[in-house]
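What follows is a single structure, written as structure tokens, with notes after it.
Bear in mind that the values here come from a model prediction, so they are computed numbers and not experimental data. Convention: sequence-line order gives letters A, B, ...; per-chain numbering from 1.
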Amino acid sequence: MRHIDHKNVVKRMGSRMILNKTFKAIFFMATLFALLSLAILFYRIVSQGIGFISIDFFTNFGSRIPENAGIVAALVGSLWMMAVIAPVSLILGVGSAIYLEEYAKKNKLNDFIRMNIANLAGVPSVVFGLLGLTIFVRALALGNSILAAGFTMSLLILPVIIVASQEAIRAVPKELREASYGMGATKWQTISKVVLPSAIPGILTGGILALSRAIGETAPLVVIGIPVIIQFLPDNLLSQFTALPMQIFDWAKRPQEAFQSVAAAGIIVLMMFLLIMNSIAVVIRNKFQKRY
Amino acid sequence: MVQVNLNKPQLKETTDSNQNVNMNNIVYDTKQLNLWYGNHHALKNIDLAIKENEVTAIIGPSGCGKSTYIKTLNRMVELVPSVKTSGQIIYRDRNIFDSDYNVEELRTRVGMVFQKPNPFPKSIFDNIAYGPRIHGIKNKKTLDEIVEKSLRGAAIWDEVKDRLHENAYGLSGGQQQRICIARALAIEPDVILMDEPTSALDPISTLKVEELVQELKENYSIIIVTHNMQQAARISDKTAFFLNGEVIEFDQTDTIFSTPSDKRTEDYISGRFG
């Protein structure tokens, strides 16, 4: 006895095709909606802020007069903060990921730790701000310095980097590890010569995306008390500083209409900053992939 | 029921008679080996004496423990977390399970070729030079020599000599597998373990690997796991038949395939199961 009635199949073909096309349309609309909102946002910010982008905007400090307001303190402050976040979070994050994936035994305790690191990635940033305030600003008496903010931001993005690196490491085929062990390589030789080179594009992608998040985060900086009006450039890691999102936040909440445009100009700078970082990620990734 | 027909000791005198005196060119002597994956008893009281400069084939149906056994010979099986073993494997007078036996040292003497070709995503040169480099050879000239010698040894030098710095992934599956054999030769091993090396290859590449195995046995002892009984019959000197984690029969390949002494071997050879 046959189970497929071919007449019936033909009869239902029309509705199946309609459903097929409907879903394609829905998914296309979803993509279009995201792209469109991004384009509108981009247009609004650029059209509002472009008038304030000038050489002076990059060289002036903050000011009460919108025309004189500049972003140099925030830009340089953000760069300093990056210089702390990038090494701290990458070394700790990749190190933890290597430990969890390559060394830690598969048991209940380690499963629990793995699960909680993933959960940690979902903790609101303001909570990390409070953690930073308690530990770095007060207990370690770093004050509201670059170091305190950088450490706080590193903690914030650490779970994301760990999870991304773990996934990249896990994606390295076990056959490659076997090949290496099979020739008498030690665990560290296998990790450094086989696992990491294969995992590095994934680690860098995750790492740089996490760094972008740290650059754009505002809440932890507010909580640890980063000032907005800074009339000097930081000269060491314990200096006071301000950062791009803090500066934008401050401009945006000022009553004068003109400061809204200054804020938009600040956002343009921040977006350029992130764009450059992401491009660097892409370039590094392609360079590493070409070597294989 | 374990039945092992140890071959008669050969009369050939070894020149280095102070070494290996008691074992007449036996390279691997397995004694009462048991292995468990968790609670699963995968290898049961294995006794096998494998001679040097021979090709020893291990055949048997899927899940009989043949791959597990060959991976135990270089302790690769320990990469599986829940593995427990008992018994001894004597490799060149030392028990490989001794607590002071470094697996890295063992695996430098015992090369391995895997089921699926697994070159590194690096250039052909870097693939072959990987082993020598991890063992501390940095000199460019020495590496060049090793790479050429290994590739010639694996009969693939002529095919790749002009593209040594291209990615090994650009080669065909059969070429990749011979690159992997060359990579194993580059650590100048004593024994080469092959775990179904041709199961992912087309017939022509399979033939090339089989011919290569014949050449390699002049200088190396080869232990090869295979699903393919014709392959075992073609290339091996001795054959061990595994079933459910036990060695059912171990003898000259000719004997196994013409007059097996165990009914189960005969059934398997003649295709009645497996």
Side-chain angles (χ1 to χ4, degrees), chain A residues 97-115 165-205 282 284-292, chain B residues 70-71 73-82 102-123 126-136 150 165-170 176-177 179-189 192-195 200:
Chain A
I98 291 174
Y99 178 76
L100 290 172
E101 285 303 312
E102 299 287 332
Y103 291 93
K105 293 207 167 65
K106 304 271 179 260
N107 57 27
K108 288 233 170 68
L109 176 70
N110 284 316
D111 283 347
F112 183 74
I113 292 173
R114 283 192 187 91
M115 193 180 74
S165 307
Q166 273 184 291
E167 269 159 22
I169 290 171
R170 214 175 301 149
V172 178
K174 85 173 197 309
E175 287 81 13
L176 295 186
R177 292 188 173 88
E178 285 179 348
S180 176
Y181 288 131
M183 278 180 281
T186 60
K187 192 157 215 164
W188 169 241
Q189 286 175 322
T190 303
I191 291 171
S192 62
K193 290 179 199 292
V194 175
V195 177
L196 282 183
S198 292
I200 239 156
I203 291 176
L204 280 181
T205 313
V282 172
I284 294 174
R285 204 167 64 205
N286 290 348
K287 188 168 171 278
F288 268 102
Q289 272 167 345
K290 249 185 230 150
R291 273 185 32 200
Y292 303 140
Chain B
I70 199 172
K71 282 183 185 153
L73 293 178
N74 66 348
R75 291 177 57 185
M76 286 292 278
V77 76
E78 289 168 20
L79 294 181
V80 179
S82 60
N102 250 327
V103 283
E104 287 81 9
E105 189 188 326
L106 174 68
R107 291 172 190 162
T108 310
R109 312 273 337 261
V110 182
M112 188 160 202
V113 177
F114 297 83
Q115 193 166 355
K116 244 176 64 188
N118 58 350
F120 297 120
K122 300 172 190 281
S123 72
D126 287 342
N127 262 282
I128 311 300
Y130 183 88
R133 278 183 179 139
I134 59 174
H135 297 298
S150 309
H165 295 283
E166 283 173 36
N167 194 323
Y169 276 21
Q176 286 187 10
Q177 191 62 305
I179 290 291
C180 293
I181 294 173
R183 187 174 63 182
L185 298 182
I187 57 170
E188 297 175 353
I192 302 173
L193 307 175
M194 296 184 163
D195 187 3

- [ ] Mind checking side-chain hydrogen bond (donor to acceptor under 3.5 Å, both in side chains) for A/E101 and listing every partner two or more places apart, or none if nothing turns up?
- [x]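 Only A/Q166, A/R170 meet the side-chain hydrogen bond (donor to acceptor under 3.5 Å, both in side chains) criterion with A/E101.
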- [ ] Mark yes or no for whether A/Q189, through its side chain, and B/I134, through its backbone, hold a donor-acceptor pair below 3.5 Å.
- [x]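 At least one qualifying donor-acceptor pair exists.
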Shortest non-hydrogen contact from [X] toward [Y]:
X: A/E178; Y: B/M76; value: O-CE, 3.2 Å
X: A/L176; Y: B/N118; value: CD2-O, 4.0 Å
X: A/A185; Y: B/Y130; value: CB-OH, 4.1 Å

Open item on the list: Using 0.5 Å steps for rounding, measure from the CD atom of B/Q115 to the CD atom of A/E175.
Closed with: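 So the CD of B/Q115 and the CD of A/E175 are separated by 9.5 Å.
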Task: Residues in side-chain contact (heavy atoms from CB on, under 4.5 Å) contact with B/P189, at least two apart in sequence or another chain - done: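 Partners of B/P189 under the side-chain contact (heavy atoms from CB on, under 4.5 Å) test: B/I187, B/I192, B/Y220.
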Side chain, backbone, both or neither: which part of [X] has an atom under 4.5 Å from a heavy atom of chain A?
X: B/R183; value: both
X: B/V110; value: backbone
X: B/F114; value: side chain

Task: Atom NZ of A/K105: over 12 foreign heavy atoms under 6.0 Å - done: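 No.
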- [ ] Would you indicate whether A/F112, at its atom CZ, is surrounded by more than 12 heavy atoms from other residues, nucleotides or ligands within a distance under 6.0 Å?
- [x]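 Atom CZ in A/F112 is not packed in, count stays at 12 or less.
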- [ ] Could you tell me which portion of A/K174 (side chain, backbone, both or neither) has an atom closer than 4.5 angstrom to a non-hydrogen atom of chain B?
- [x]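 Looking at A/K174, nothing touches chain B.
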